[in-house]
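Every number for a ligand or one of its atoms is a count from 1 in the order of the listing.
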Amino acid sequence: MKFMLIPVLFSLFLHCTSQSAITIESTPAANADGFIHASLQDTVSLTCKTDIIEDNELVWLRNDAVVSLQEGNKQGQSKLCISPVILEDTEATFTCYQRSNISDKVSVVLNITYPPALTESEQVTVEEEATLALQCNIKALPPVSSVTWILNGTKVDLGTGLFTITTDTFTSKLSTEKVHRLLHEGLYQCIADSPMYGIHTMDFKVTVTAKTLKFPLFPMIAGIVVVCLTAILAVVSRWKKITKCCK
Ligand SMILES: *[C@@H]1O[C@H](CO)[C@@H](O)[C@H](O)[C@H]1NC(C)=O
Ligand SMILES: *[C@@H]1O[C@H](CO)[C@@H](O)[C@H](O)[C@H]1NC(C)=O
Ligand SMILES: *[C@@H]1O[C@H](CO)[C@@H](O)[C@H](O)[C@H]1NC(C)=O
């Protein structure tokens, strides 16, 4: 049954392409719907060909903009090389046609995928009682299917009310209003699961330091000095009376 299908598909393919004088070949190959799958940093090459022998200058469009082609890369066959594939190529449409017959166009669409960019680890130092906010960039195509936060090897338990986690399509953020060393210091991990690229992890090593004095030191010292001087003067003035009594 499987072997029967192949000649059928092959003849369908021939039938489809015979309507147009233009064909686009690509590496990697496009699927039946004209989508070319590629990852960021890959190279995609496209070759447009026409059966027409005369007046066969070819034109390439990227989305709606004309791609400027060198002489010798236009007549009968024209090659484009997208290297490397970048984020802006996501869903970019490449269209080829013959300048003399704009009604006969063939297009392919780049279907770019990329994993979440979670590579580096981060050292975070936070003061006792300050706010702790950790953020990981989970933007990916296809989007990640789940994000998990781990503290010292155990999943962060939201039920305890110690942490808040907010996740949207681009970032996942773990935060806590008031840091306590015993509860919050340790090794955190943000784990993103991509349906296409698997597990990606980012580490945050969080250190909680003692609280530093936030009020201005100099006026405080001046105040203390004034209080001490007054006390000494009070004692001195009293001393006369006290010594008088003692006589
Ligand atoms: C343009 O291409 C279409 C599709 O191949 C074809 O039917 C039509 O005759 C062509 N027109 C000219 C002017 O060549
Ligand atoms: C693009 O590729 C992804 C992953 O292979 C797939 O899930 C998605 O359906 C493709 N999109 C199109 C429009 O083909
Ligand atoms: C996590 O582990 C580190 C090192 O073992 C420890 O100092 C810290 O207190 C632990 N944190 C929590 C919240 O248990």
Does Lys173, at its NZ atom, have more than 12 non-hydrogen atoms belonging to other residues, nucleotides or ligands within less than 6.0 Å? no

Decide, yes or no, whether a salt bridge links Lys211 with Glu127 under the criterion of side-chain N to carboxylate O below 4.0 Å. no

Answer with side chain, backbone, both or neither: which part of Ser100 has a heavy atom less than 4.0 angstrom from an atom of ligand 1? neither

Do Thr176 side-chain atoms and Leu162 backbone N/O form a donor-acceptor pair below 3.5 Å? yes

Side-chain H-bond candidate by donor/acceptor type, Thr113 with Tyr197, under 3.5 Å: yes

Which residue, Leu58, Leu46, Thr47, forms the side-chain contact (heavy atoms from CB on, under 4.5 Å) with Lys79? Thr47

Assess the side chains of Asn137 and Thr171: does a donor N or O sit below 3.5 Å from an acceptor N or O? no

Is there at least one pair of N or O atoms, one from Glu185 and one from ligand 3, spaced under 3.5 Å apart? yes

Check ligand 1 against Ser103 and write out every atom of the ligand that is under 4.0 Å from a heavy-atom position of the residue. 1 (C)

So which heavy atom in the protein is nearest atom 1 (C) of ligand 2, and how far is it from that ligand atom? Asn111 ND2, 1.5 Å

Do any nitrogen or oxygen atoms of Asp104 lie less than 3.5 angstrom from nitrogen or oxygen atoms of ligand 1? yes

Give, for atom CG of Asn152 and atom CD of Gln189, the distance between the pair rounded to the nearest 0.5 Å. 9.5 Å

Counting only heavy atoms closer than 4.0 Å, does ligand 3 sit against the backbone of Leu183, its side chain, both, or neither? backbone

Heavy atoms only: which of Asn101, Thr50, Ile102, Ile52 is nearest to atom 6 (C) of ligand 1? Asn101

For atom 14 (O) of ligand 2, state whether the nearest protein heavy atom is under 4.0 Å away. yes

Apply side-chain hydrogen bond (donor to acceptor under 3.5 Å, both in side chains) to residues Ser78 and Trp60 and explain how you reach the verdict. CA-CA 8 Å; Ser78 177; Trp60 275 108; 3.1 Å; yes

Judged by modelled atom types alone, do Asn56 and Gln98 share a side-chain donor-acceptor pair under 3.5 Å? no

Which of the listed options, Thr154, Leu162, Thr207, Asn152, holds the heavy atom that is closest to atom 2 (O) of ligand 3? Asn152

Within a distance of under 4.0 Å, is there any protein heavy atom near atom 9 (O) of ligand 1? no

Are there protein heavy-atom neighbours of atom 4 (C) of ligand 3 below 4.0 Å? no

What I want to know is whether His184 and ligand 3 share at least one N or O pair that is separated by under 3.5 angstrom. no

Any non-hydrogen atom of Leu182 lying under 4.0 Å from ligand 3? yes

